[in-house]
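Encoded as C-alpha cells, the structure appears first; notes follow it.
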Amino acid sequence: MSGHSTYEPKNGFSRWLDQRLPVTRLVWDSFVDYPTPRNLNYWWTFGGILSLMLGVQIVSGIVLAMHYTPSASGAFASVEHIMRDVNYGWLIRYTHANGASMFFMAVYIHMLRGLYYGSFKPPREVLWLLGCVIYGLMMATAFMGYVLPWGQMSFHGAVVITNIIGAIPVIGGPILTWLQGGFAVDNATLNRFFSLHYLLPFMIAGVVVLHVWALHVVGQNNPTGIDPKSKVDTLPFTPYATVKDGFAMSVFLILFAVFVFYMPNSLGHADNYIEANPLVTPQHIVPEWYFLPFYAILRAVPDKVMGVVAMFGSIGVLFALPWLDTSKVRSMRYRPMAKLYFIILLVVCVTLGFCGAKLPDDQVIPGLETFKVMDSDLNSFVWLSRLATLYYFAYFLIITPLLGLIETPKPTPETIASPALSHPPTTPAGAAADAEKKG
Amino acid sequence: MADSAVHNTEAGDDPSRRDFIHIAAIAAAGGAVAAIAWPLISQMNPSADTLALASVEYDLTKIEPGQQVTINWRGKPLFIRYRTQAQIDEAVRDDSAQLKDPESDAQRHKPGKAQWLILVGSCTHLGCVPTVGGGEYGGWFCPCHGSVYDTSGRIRKGPAPKNLVVPEYAFLSDTKVKIG
C-alpha cells in the first residue's frame with residue numbers, strides 16, 4: 001500500500017528539515033494521504049481509541065508514580081494519600097483505574113472485529129501476531145498494576161497468579177521464588193512489580209509502532225474483506241478516517257467519563273480497600289472483569305498443571321489462528337455458518353466471564369438437584385465453565401479449520417466500491433471522477 | 001614473524017584464520033553478555049536478609065481445643081490447630097479412604113501429639129489461605145478455587161494436587177513448639 005510519497009514541503013524550513021529528517025513526510029504519508037478503504041465502519045475506529053487509551057494510561061500513570069510509595073508498608077497508605085490529599089489525586093487515580101478497564105473493553109472489541117472480518121488472514125498474519133503480543137503485554141501490565149495498591153485483592157491476586165508459575169513441573173518452584181524475590185509475595189515482589197509496571201507500557205508503545213508499521217505495509221482490511229483494487233475503493237486518511245476516529249473517540253470518552261465521575265468503583269472490588277493481610281484470604285477472590293473468562297478456564301480444569309496449560313493455551317491459540325483458519329473468504333459477512341459459530345463464541349466468552357465471577361460450586365439453576373460428574377455437581381458453575389471452555393477451544397481448533405473446508409460462502413462483491421456506492425459505477429474512469437468530485 | 005607475513009600476503013585472507021578471529025570475538029562477546037546477565041537475573045532471587053529465615057516459637061497454652069491460630073512464618077500463614085478427639089478420629093478413619101496424596105494421619109503430627117496439627121496455611125493449588133472448618137470434611141476450604149482438605153489437612157477434593165505442607169518443627173516442652 002505504501003506507494004509513492006505525495007508530500008511536498010511548503011516552505012524553506014520544511015524543505016530543509018525534509019532533506020535531513022523526513023519526519024513530516026512520514027506523518028503525511030501515514031496519517032494524511034494514506035489510502036483507507038472507503039467502506040470502513042465504526043468497528044475500525046477502535047485502533048485509534050486504543051492509541052488514545054495508551055496515552056491516557058501513560059500520562060495518568062506517570063503522575064500517580066510521583067505520589068505513590070512502592071513498599072509493602074507504605075503502598076496502601078500512599079494510595080489513600082493520593083485519594084484524599086493530593087490535588088485532583090482522586091481524579092487521576094480513578095482515570096487510571098477505570099482507564100485500564102476501558103482499554104481492555106476497546107481491545108476486546110478490536111480483537112473481535114479482527115476475528116469477525118478475518119483481519120488475521122494473509123497477508124496480515126504478522127500484524128495479528130504483533131497485536132497478540134500487545135495484548136499479552138497489556139495483561140501483564142494490568143495484573144502488576146492491580147497489585148500496586150496493596151489491598152486484599154491485590155495481594156491475594158498476586159499470590160494466585162505468581163503461584164501459577166509454580167505449577168510448572170520441577171523448575172516451577174525455583175522460578176516462583178525468583179519471581180517473588182522471597183518465599184512469599186512480599187515487599188520485594190511489590191517493588192519489582194512497580195518497576196515493571198512502569199516499564200511495560202513503553203514496551204507496548206514500541207510494539208504499537210511495529211503494529212502500525214505492519215498495518216501500513218499490508219493496508220487495512222475492511223468489512224468486505226476484499227482488497228482495494230483501484231483508487232475508487234479508497235479514501236485519504238485525512239479527513240475521512242481522522243474525523244470518523246475523532247467522533248468515535250469522543251463517544252468513547254463520554255462512556256469513560258461516566259465511569260470516572262459517576263461510578264468510579266463499580267468495576268473494582270470493595271475488598272481492595274482493605275490493606276493486604278497475608279494471613280487472611282478474602283472469602284471470594286476474583287480478578288478484574290477483563291480476566292474473568294481466563295480465570296474460569298483455569299478453574300474449569302480439575303488438575304493444577306492442566307488448568308494452567310488451558311489458561312495459557314486459550315491465549316496461545318490466538319497466535320496460531322492465522323494458520324488454523326482454512327477459509328479463503330476473509331469477512332464473515334459472506335460466511336453464514338462461520339457467523340453463527342462466531343456468535344456462539346461471543347456468548348461463550350461472556351458465559352466464561354460470568355462463571356469466573358461465581359463460586360465454583362454454586363448452582364447455575366438454583367434448587368435443581370442433579371448428580372455428580374468428575375467430583376462436581378452437574379448443575380454448578382464448574383460444569384458450565386467446563387462446557388464453555390470446551391467450546392472455546394473447539395471453535396479455534398476444530399470448527400475454524402473445518403468450516404473453511406465445508407461451508408459454501410456467499411458471493412463476494414467484485415470491488416469494495418460496488419457495494420459501498422449506491423450507484424455502482426459502470427466504468428472505472430467515471431467512478432474515479434465521481435469520487436474526486438466528492439472529495 | 002616475517003615468514004607468517006609472507007604467507008599471509010600469498011594466501012590472501014586465510015579462511016581458517018578469519019574464522020578463528022570471528023569465533024573468538026563472538027565467544028568473548030557471548031561470555032561478556034552472560035557475565036553481565038547473570039547478576040541482573042540473580043538480583044531477583046531472595047536477598048540475604050530474606051534468606052536469614054527466623055524460626056518461631058509458640059506457646060500452645062493460648063489455644064483452646066477445637067481452635068486454630070494463624071501466625072506469620074516466613075511471610076506465609078502457619079496454622080496451629082488444637083484438634084478435638086472427634087476430629088482426630090475422623091482423620092484416622094479416613095486413612096483408608098481414597099486419597100489424592102496418600103498419607104496417614106500419624107505421618108502428619110508428632111508421635112503422641114495427635115491433637116496438635118501444625119501446617120503451612122497456604123493452599124497447594126495457588127497459595128490462597130484456606131478457611132478453617134469449611135468444606136464437607138470439616139478441615140479447611142480454600143475460597144479461591146474450591147479445594148477441600150480434611151481434618152488432617154489432606155487434599156480431598158478440588159484442584160489442589162498435594163496435602164497442606166507440614167513444616168519442620170519440634171516440641172520444646174509439652175506447651176511450647178518451635179517452628180523452622
Side-chain angles (χ1 to χ4, degrees), chain A residues 72 155-167 169 174-189 191-192 195-196 277-287 295-296 298-308 359-362 372 374-376 380-382, chain B residues 38 40-54 68-80 98 100-101 120-137 140-148 155-162 165 167 180:
Chain A
F155 181 86
H156 291 281
V159 169
V160 168
I161 303 297
T162 52
N163 269 289
I164 283 174
I165 311 291
I175 292 182
L176 176 62
T177 306
W178 175 76
L179 199 73
Q180 292 180 337
F183 301 103
V185 171
D186 212 332
N187 194 51
T189 323
N191 266 300
R192 63 194 55 188
S195 170
L196 294 173
N277 178 359
L279 303 188
V280 181
T281 299
Q283 271 306 310
H284 185 199
I285 179 166
V286 281
Y295 192 62
L298 172 74
R299 293 197 302 192
V301 185
D303 182 79
K304 180 174 169 179
V305 180
M306 288 316 291
V308 173
L359 283 172
D361 282 339
D362 276 2
K372 286 192 172 206
M374 284 168 72
D375 252 4
S376 297
S380 67
F381 283 100
V382 171
Chain B
W38 179 245
L40 291 176
I41 294 167
S42 177
Q43 54 82 24
M44 279 177 71
N45 268 319
S47 53
D49 58 338
T50 307
L51 286 173
L53 297 168
Q68 172 189 293
V69 294
T70 308
I71 58 175
N72 191 331
W73 179 65
R74 299 181 180 179
K76 278 183 187 171
L78 188 88
F79 294 157
I80 305 176
Q98 203 180 8
K100 205 171 184 179
D101 181 13
V120 176
S122 78
C123 182
T124 56
H125 181 224
L126 295 172
C128 292
V129 185
T131 323
V132 66
E136 55 253 54
Y137 295 94
W140 287 267
F141 174 73
C142 182
C144 293
H145 308 94
S147 291
V148 179
I155 179 67
R156 299 302 291 270
K157 196 189 135 184
K162 296 271 177 199
V165 173

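Note on naming: letters A, B, ... go to the chains in the order of the sequence lines (proteins, then strands), and numbering restarts at 1 for each one.
- Figure legend: B:R156 and B:Y137 shown as a cation-pi pair, the cationic atom lying under 6.0 angstrom from the six-membered ring centre and within 45 degrees of its axis.
- Few gaps surround CE on B:M44; more than 12 heavy atoms of other groups in view lie less than 6.0 Å from it.
- Of the atoms belonging to A:I161, not a single heavy atom falls under 4.5 Å from chain B.
- Contact of B:S147 with chain A is not made at all, since no heavy-atom distance falls under 4.5 Å.
- Of the listed residues (A:I285, A:N187, A:V185), the greatest number of heavy-atom pairs within a distance under 4.5 Å of chain B belongs to A:I285.
- Contacts between A:P302 and chain B at a heavy-atom distance below 4.5 Å involve the backbone alone (N, CA, C, O).
- Not a single donor-acceptor pair under 3.5 Å links the side chain of A:H156 to the backbone N or O of B:G127.
- Not counting sequence neighbours, the partners of B:C128 by the disulfide (SG to SG under 2.5 Å) test are B:C144.
- B:K162 NZ: 12 or fewer foreign heavy atoms inside a 6.0 Å radius.
- Legend: residues meeting salt bridge (Lys or Arg N to Asp or Glu O under 4.0 Å) with B:K157, ordered by chain and number and at least two apart, are A:D361, B:E136.
- Chosen from B:T131, B:I41, B:T50, the residue pairing most often with chain A at heavy-atom distances under 4.5 Å is B:I41.
- Interface remark: of the candidates A:L279, A:D303, A:V382, A:L279 forms the most heavy-atom pairs closer than 4.5 Å to chain B.
- For chain A, the option among B:S42, B:G75, B:P159 with the highest count of heavy-atom pairs below 4.5 Å is B:P159.
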